[in-house]
Undergrad: 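A single structure is presented below for examination.
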Amino acid sequence: MDNKNASYPDLSCLSLDGTWRIQHYRPGEMKAVDLAAPGLDDRYWIRGLVPGDIHTSLMKRQLIPHPYYGHQDQLSRWIEQEEWWYRTTFDYELSGGVTERHELTFEGLDTFATVYVNGHEVGQTANMHRTYIFDISRVVRNGWNSVAVRFDPLQPHHQEKELFDWSSYTKERPWLRKAAMNFGWDWGPRIITVGIWGSVNIRRTRIARLDQVYAYTRSVSSEEAVLEVQTSVRAVPRLRYTSYNEHIHAAADTTTAQALRAEVVLLDHEGREVTRQHTLTAVDHNRTDTWNVQLHIPQPHLWWTHDLGEPYLYHLQVLLYSGEELVDRYEHEVGLRTIELQLEGEEGEPLFAFVLNGVRIYAKGANWIPVDNLIGSAGDARYVELIELAAQAHMNMLRVWAGGIYEKDIFYQQCDRQGILVWQDFAFANALFPDFNQDFMSNVRAEVVDNVKRLRNHASLALWCGNNEIDWLYDMKTAAGDIRSPFYGEAIYHELIPDVLADSDPYRPYWPSSPYGGNDVNDPDIGDRHNWQVWHGSVYPRQYGDKPILDYSIEGVSFHHYKQDLALFSSEFGMHAAANRYTLSRYIPEESFYWGSEEMDYRNKDTNHRKGILLMEGYTGIPQNIDQYLDYSMLTQAEGLKYGIEHYRRLKHRNSGSLIWQLNDSWPGTSWAIVDYELLPKAAYFYARTFYHPLLLSLDHEPGQDMNLWIINDTLQAFTTQLEMKVMTWQGEVVFRRSFAAEVPANGAIQVEQISEVEVLSSTDKTTESGQEQSITGWQAHEVFVVLSADHPDIPDNHYYLRSPKELHLPTADWQIQVDKQKQTVTLIGGAVLARMVKLEIAQGRLRFSDNYFDLLPGQRKVVHIRHSGEEPINWSSLQVSALNRPL
C-alpha cells in the first residue's frame with residue numbers, strides 16, 4: 001500500500017521519476033536563465049536516474065571510479081565544488097474550463113536547489129530532510145513542459161557562517177540541514193552527495209483536497225479498539241472570469257463554499273470492510289476545515305511486535321467526495337495498538353520501559369544508520385533484507401540514528417509489517433546548532449512538521465527523540481574546556497520539537513536526547529544510557545560537570561565492564577569487527593589485502609585504532625595475519641556483545657532494553673555493524689539469534705568464581721522446563737552433568753542454580769564405555785567448555801568457555817563435509833575434537849546461511865542451508881570452511 005502523507009486517484013498524479021538529463025558547471029560559469037530555458041538543447045547531457053544521486057550517475061557512465069574501492073572516494077571530492085543541473089520534460093493535459101491546482105512535489109532535494117518550470121523559477125530549497133511542494137498552476141501548460149533543477153555547491157552557504165566550538169568531524173555542517181554522515185563519521189568516509197534523492201510528482205487537485213490525515217489509537221482491549229481519525233480538508237478556490245478590453249482576467253471566487261462529504265473506511269487485511277463513518281462539511285477557499293471521526297472496532301486484531309504476536313495491519317481509507325465525484329483519497333496501513341514510555345515502576349522505582357498494549361516489553365535490537373552513503377540510489381530490496389535480518393535475529397526495535405536521514409517510506413512500511421518498533425531520532429547529531437537564527441529555526445520547524453506528519457500514522461513508530469548525544473556531550477566537552485559557548489541548539493530539542501509534537505502527534509512519547517536523564521545526563525538510574533566505557537575507554541561513574549577521563553588500556557576498553565553497568569535502558573553500545581572476507585576483498589586491491597596494510601587501515605574510520613587492538617590483545621591475542629584479524633575481531637565482537645546483552649537481560653526487573661551499535665554499514669569498512677555492507681552477517685549476528693532469543697539460557701560466570709545459571713523468558717506464557725548443564729572436554733567427554741527443574745514466570749528472569757567452579761573442575765565421576773566408574777581429578781578451566789540445554793523445544797542451547805580464547809588449549813579440529821548443490825546445503829560432521837567458531841565463506845554477497853560462525857561438537861552433524869536473497873546462483877566453487885582451531 002502506498003505510504004504518503006496523502007495519496008489520491010491515479011489520474012491526478014503524474015510521476016516524474018525515471019531518467020533525467022544531468023550536467024555540471026563551475027559556479028557562475030553559465031547563466032541560470034539559459035540553462036533553465038525550456039528550449040535548451042540538453043541531448044548531450046548525461047542520463048541519470050531519479051531518485052538517485054550524482055555519484056551513482058557518474059559511476060554508471062564511468063566518469064568517476066567507484067568511490068568505495070581503495071582510496072577512490074578522494075577522486076570524487078571535486079563533485080561537491082560544482083554546480084549541478086537536472087532537466088526533464090513531460091506532457092501534460094489541462095482541463096479546459098475547470099479550475100485546478102497543479103503542485104510539483106519533490107520528496108528529497110539534496111540540498112540547496114532552485115527549481116524552474118518552463119523556464120520560470122518557482123522556488124528554492126535549503127534542506128535535504130524536507131518535502132517541497134511548489135504550486136505551478138500559473139506556469140504549467142497544456143502539452144509539452146520542462147522542469148530544471150539547479151543544485152549549488154555547499155560552500156557558499158556556509159563559508160561566511162559562524163563556526164562553533166563543537167561539531168564532530170567537521171565544522172561546516174551545523175548550518176546545513178543535510179545528513180551529518182555525508183561529512184564523514186567514525187564508520188564511514190566523507191562523501192558529499194547531491195541530487196534529487198526522493199521521488200518527484202505532479203499532483204492535480206480540483207474542488208478540494210485532503211490536506212492531512214492523522215490516525216491514532218485511543219484505546220485497545222480484547223473487546224474493542226477505538227481509532228480516532230483526524231482529517232483536514234482544503235478547498236481549491238474556484239475562479240470567476242471577467243473581460244476587460246478583450247483580455248480575460250481570472251480572480252478567486254470568494255463567495256462560494258464547497259459542499260463536501262468524507263467517507264472514513266477501515267478494511268481488514270483481507271480487504272473486507274470492518275467499519276465506516278462519514279461526515280459532511282462545507283469549506284471555502286479562505287480556510288482549512290478539520291474534523292475527527294472515531295471508529296469503534298469490535299474484537300480487534302491488535303498490532304504486536306513479531307516476538308509477542310502478530311503485527312496485524314488494517315487498511316484505512318479516507319475518501320473525499322464533491323457530490324458523487326471522488327476528488328481525493330488517502331490510504332494507509334494502520335495498526336491498532338497503544339505505546340507508552342514508563343519511567344516509574346509500581347513501587348516508585350526508576351524505569352525506562354516501553355509498554356505495548358499494556359504489556360511492558362524488553363526492547364531487543366540495534367541502531368540503524370543509512371543503508372548506503374549514496375542514499376538516493378539505495379533500492380528498496382536493501383531495506384527489506386536488512387529488516388528481515390533484524391527480525392530473524394529476534395530484534396523488536398530499531399533506532400533510526402540522528403546523523404542520517406528520516407528514513408524512506410519503505411523502512412517504516414517494513415517495520416510495520418514485520419513487527420519491529422522504531423525509535424526515531426530527529427536529525428541532530430553531535431554538534432551545536434544555531435537556534436538563535438530565525439531563518440534556521442524556521443527551516444528546522446518546517447522539517448520537523450514535514451516528518452512528524454509523514455511518519456506519525458505508522459504502527460511501528462514508538463518514540464520521537466530530539467537528538468543524538470548532544471546534551472550529554474555538551475556537558476562533557478564543557479567540563480573538559482572544549483566548549484565555552486552557551487548550549488546552542490538547546491531550544492530545538494526542549495522547545496521547538498515538543499511544541500510541534502503537542503500539535504501534530506501528542507499521543508506518542510518524546511525523549512529530548514539520547515542518552516538523557518540524571519545527574520550526568522548518562523545516568524544508569526534515570527533515562528537511557530550509552531555505554532562507551534567498552535571500546536572508547538570512557539571512565540565511569542561520572543557526575544555532571546566532571547572532567548571526562550579516557551582509559552586507553554587493555555583493562556580500560558574491556559567488555560567485562562558491561563557487567564558493572566546497571567542501566568535502565570542501554571540504547572548504544574558495541575565493538576568493532578572486520579567485515580567479511582568477500583566484502584573487504586571486493587573493495588581493497590589484491591596486493592593490499594593483508595593485515596596492517598594502508599588500505600586495510602583506511603577501512604577503519606574510528607579516531608583511535610588502538611582500541612580494537614587492545615580489545616583483541618586482552619581477549620584473543622593480537623592477530624598476526626589477515627585470517628587471524630578476521631577471526632579474532634569477529635569473535636571479540638560476538639562474545640563481547642553476548643557478555644553484555646546477557647547481563648542486561650538478566651537485569652530484566654530493572655533493565656528494559658538493549659540496542660546494539662550498530663546493525664548495518666553504509667560502506668564496506670571495519671565498524672561496529674553486525675551485518676556488513678554486502679549484507680553478509682558477521683559472527684555477532686549469528687550469536688544474536690541466541691542472545692536475543694525470547695527464551696534464553698544464560699551462565700553468569702567470571703574466572704575462578706561461581707557459575708550462576710539463569711533463564712530469561714520474554715514471552716507472555718509461564719512454563720516449566722528441565723535444564724541441563726554439561727561440562728565437556730574438547731574431545732566431547734562429559735566430565736560434569738547436572739539437571740535442574742525450573743518454573744519460569746511469564747515475562748521474567750530467574751536464577752535457577754549456583755554452582756562452584758571448584759566443584760565442577762576439581763573432582764568428577766564419569767562412567768567409561770565398559771561401565772566402570774573412574775574418578776577424574778584436576779581438570780583445568782582452559783581444557784573444558786560448558787553446554788546449557790533444556791527439554792523445552794524452543795529454547796536454544798548456549799555455549800560458554802571458562803577462560804578467554806588466548807588461554808585455551810584447543811587441539812586442531814577436523815570434520816567431514818558434504819555439499820548438496822541441488823538442495824543448497826552444506827553438511828558438516830564433527831571429528832574427534834570441538835571445532836571452535838566454524839566459518840563458511842563463499843565469495844558472494846547477499847547470502848543467507850541458516851547458521852554460521854558456530855561451534856561444532858565432536859561427532860555432531862550440522863546441516864547448513866544457504867540461499868541467495870536475490871535468488872542468484874550460488875558460487876559453490878569458492879566455498880571455504882575454516883575454524884578458529886583449523887584456519888585456512
Side-chain angles (χ1 to χ4, degrees), residues 1 3-8 208-235 258-283 287-304 309-322 326-341 355-359 412 416 449 452-462 464 500-510:
M1 199 60 58
N3 176 23
K4 309 294 182 189
N5 192 49
S7 55
Y8 25 86
R209 60 174 288 181
L210 293 168
D211 189 51
Q212 59 174 292
V213 175
Y214 178 32
Y216 55 94
T217 307
R218 274 289 191 184
S219 61
V220 295
S221 71
S222 58
E223 291 79 27
E224 182 184 72
V226 178
L227 181 71
E228 187 149 336
V229 182
Q230 183 184 94
T231 305
S232 297
V233 174
R234 180 180 298 171
Q258 307 295 335
L260 303 169
R261 181 179 89 257
E263 298 281 349
V264 182
V265 186
L266 193 68
L267 309 174
D268 66 16
H269 66 185
E270 300 295 332
R272 298 181 295 253
E273 183 174 315
V274 176
T275 186
R276 176 187 295 259
Q277 293 283 346
H278 73 273
T279 185
L280 300 174
T281 189
V283 182
R287 66 185 178 89
T288 298
D289 191 34
T290 301
W291 70 86
N292 289 4
V293 168
Q294 284 195 353
L295 301 180
H296 294 259
I297 301 97
Q299 287 78 52
H301 298 281
L302 301 187
W303 186 93
W304 291 96
E310 181 185 4
Y312 190 96
L313 293 171
Y314 290 86
H315 181 59
L316 175 68
Q317 294 179 340
V318 180
L319 309 174
L320 184 64
Y321 292 90
S322 174
L326 178 65
V327 295
D328 204 358
R329 69 188 299 156
Y330 171 93
E331 300 188 45
H332 204 289
E333 291 174 330
V334 295
L336 302 177
R337 62 99 185 101
T338 58
I339 190 77
E340 303 168 61
L341 181 61
V355 179
L356 177 65
N357 299 327
V359 175
Y412 305 97
D416 287 349
V449 170
V452 169
K453 290 184 176 180
R454 178 171 70 95
L455 302 179
R456 62 187 178 180
N457 288 345
H458 285 281
S460 57
L461 184 58
W464 295 108
V500 172
L501 291 174
D503 180 66
S504 298
D505 194 22
Y507 304 104
R508 186 173 278 107
Y510 173 68

Undergrad: Within the structure provided, determine whether Asp503 and Val449 are in side-chain contact (heavy-atom separation under 4.5 Å).
TA: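 No. Closest side-chain heavy atoms not under 4.5 Å.
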Undergrad: Any donor and acceptor pair, going by atom type alone, linking the side chain of Asp328 with main-chain N or O of Leu210 inside 3.5 Å?
TA: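 Yes; judged by distance alone, with no hydrogens or angles, the pair exists.
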Undergrad: Sequence neighbours excluded, which residues qualify as side-chain contact (heavy atoms from CB on, under 4.5 Å) partners of Pro509?
TA: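 Partners of Pro509 by the side-chain contact (heavy atoms from CB on, under 4.5 Å) criterion, ordered by chain and then number, come out as Ile339, Leu341, Leu463.
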Undergrad: Where does the angle between the aromatic ring planes of Tyr330 and His332 fall among parallel (under 30°), tilted (30 to 60°) and perpendicular (over 60°)?
TA: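 Correct class here is parallel.
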Undergrad: Could you walk me through whether Glu224 and Val226 pass side chain to side chain contact (heavy atoms under 4.5 Å, CB included), step by step?
TA: CA-CA 7 Å; Glu224 182 184 72; Val226 178; 3.9 Å; yes
Undergrad: For the CD atom of Glu263 and the NE2 atom of His278, what is their distance to the nearest 0.5 Å?
TA: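 Those atoms lie 6.5 Å apart.
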Undergrad: Has Asp416 got a side-chain atom pairing as donor or acceptor with Ser460's backbone, closer than 3.5 angstrom?
TA: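 Confirmed, Asp416 side chain pairs with Ser460 backbone.
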Undergrad: When rounded to the nearest 0.5 angstrom, what distance separates CD in Gln230 from CZ in Arg456?
TA: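 Here the interatomic distance stands at 6.5 Å.
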Undergrad: Return the set of residues passing salt bridge (charged side-chain N to carboxylate O under 4.0 Å, His left out) with Glu273 (not counting sequence neighbours), or none when no residue passes.
TA: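 Once residues adjacent in sequence are excluded, the partners of Glu273 under the salt bridge (charged side-chain N to carboxylate O under 4.0 Å, His left out) criterion are Arg276.
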Undergrad: Donor-acceptor check, side chain of Asn357 to backbone of Trp304, threshold 3.5 angstrom: yes or no?
TA: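 No, the answer is negative, given that no donor and acceptor are paired below the 3.5 Å cut-off.
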Undergrad: Could you pull out all residues at least two apart from Tyr321 that satisfy ring pair (Phe, Tyr, Trp, His ring centres under 6.0 Å)?
TA: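 Not a single residue meets the ring pair (Phe, Tyr, Trp, His ring centres under 6.0 Å) criterion with Tyr321.
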Undergrad: List the residues meeting ring pair (Phe, Tyr, Trp, His ring centres under 6.0 Å) with His269, not counting sequence neighbours, and say none if there are none.
TA: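 By the ring pair (Phe, Tyr, Trp, His ring centres under 6.0 Å) rule, His269 matches Tyr312.
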Undergrad: Keeping Asn457 on the side-chain end and Ala215 on the backbone end, is there a donor-acceptor pair under 3.5 Å?
TA: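 The answer is yes, because a donor-acceptor pair under 3.5 Å joins these two groups.
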Undergrad: List the residues meeting side-chain hydrogen bond (donor to acceptor under 3.5 Å, both in side chains) with Ser219, not counting sequence neighbours, and say none if there are none.
TA: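 Counting only residues at least two positions away or on another chain, Ser219 forms no side-chain hydrogen bond (donor to acceptor under 3.5 Å, both in side chains).
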Undergrad: Report the residues that fulfil salt bridge (charged side-chain N to carboxylate O under 4.0 Å, His left out) with Arg508, sequence neighbours left out, ordered by chain and then residue number.
TA: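 If we apply the salt bridge (charged side-chain N to carboxylate O under 4.0 Å, His left out) test to Arg508, skipping adjacent residues, the hits are Asp505.
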Undergrad: Who pairs with Trp464 by ring pair (Phe, Tyr, Trp, His ring centres under 6.0 Å), at least two apart in sequence or on another chain?
TA: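 Partners of Trp464 under the ring pair (Phe, Tyr, Trp, His ring centres under 6.0 Å) test: Phe426.
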Undergrad: Which of parallel (below 30°), tilted (30 to 60°) and perpendicular (above 60°) describes Tyr216 and Tyr507?
TA: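 Ring orientation of Tyr216 relative to Tyr507: parallel.
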Undergrad: For Gln277, check side-chain hydrogen bond (donor to acceptor under 3.5 Å, both in side chains) against everything at least two apart and list the hits.
TA: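 Partners of Gln277 by the side-chain hydrogen bond (donor to acceptor under 3.5 Å, both in side chains) criterion come out as none, since no residue qualifies.
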Undergrad: May I ask you to decide if Ala459's main-chain N or O and Arg337's side chain share a donor-acceptor pair within less than 3.5 Å?
TA: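 At least one qualifying donor-acceptor pair exists.
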Undergrad: Return each pair, listed once, that meets salt bridge (Lys or Arg N to Asp or Glu O under 4.0 Å) where at least one residue sits in residues 212-223; pairs must be two or more places apart or across chains.
TA: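 Found Arg218-Glu228.
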Undergrad: Can you name the side-chain contact (heavy atoms from CB on, under 4.5 Å) partners of Ala225, sequence neighbours left out?
TA: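 Listed in chain order: Val220, Pro300, Leu336.
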Undergrad: Are side-chain heavy atoms of Tyr314 and Ile297 found at a separation under 4.5 Å?
TA: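 Yes, at least one pair of side-chain atoms sits under 4.5 Å.
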Undergrad: The criterion is side-chain contact (heavy atoms from CB on, under 4.5 Å); which residues satisfy it with Glu270, sequence neighbours excluded?
TA: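 Listed in chain order: Asp268, Arg272.
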Undergrad: Apply side-chain hydrogen bond (donor to acceptor under 3.5 Å, both in side chains) to Thr290 and list each qualifying residue two or more places apart in sequence or on a separate chain.
TA: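 With neighbours one apart ignored, the set is Ser232.
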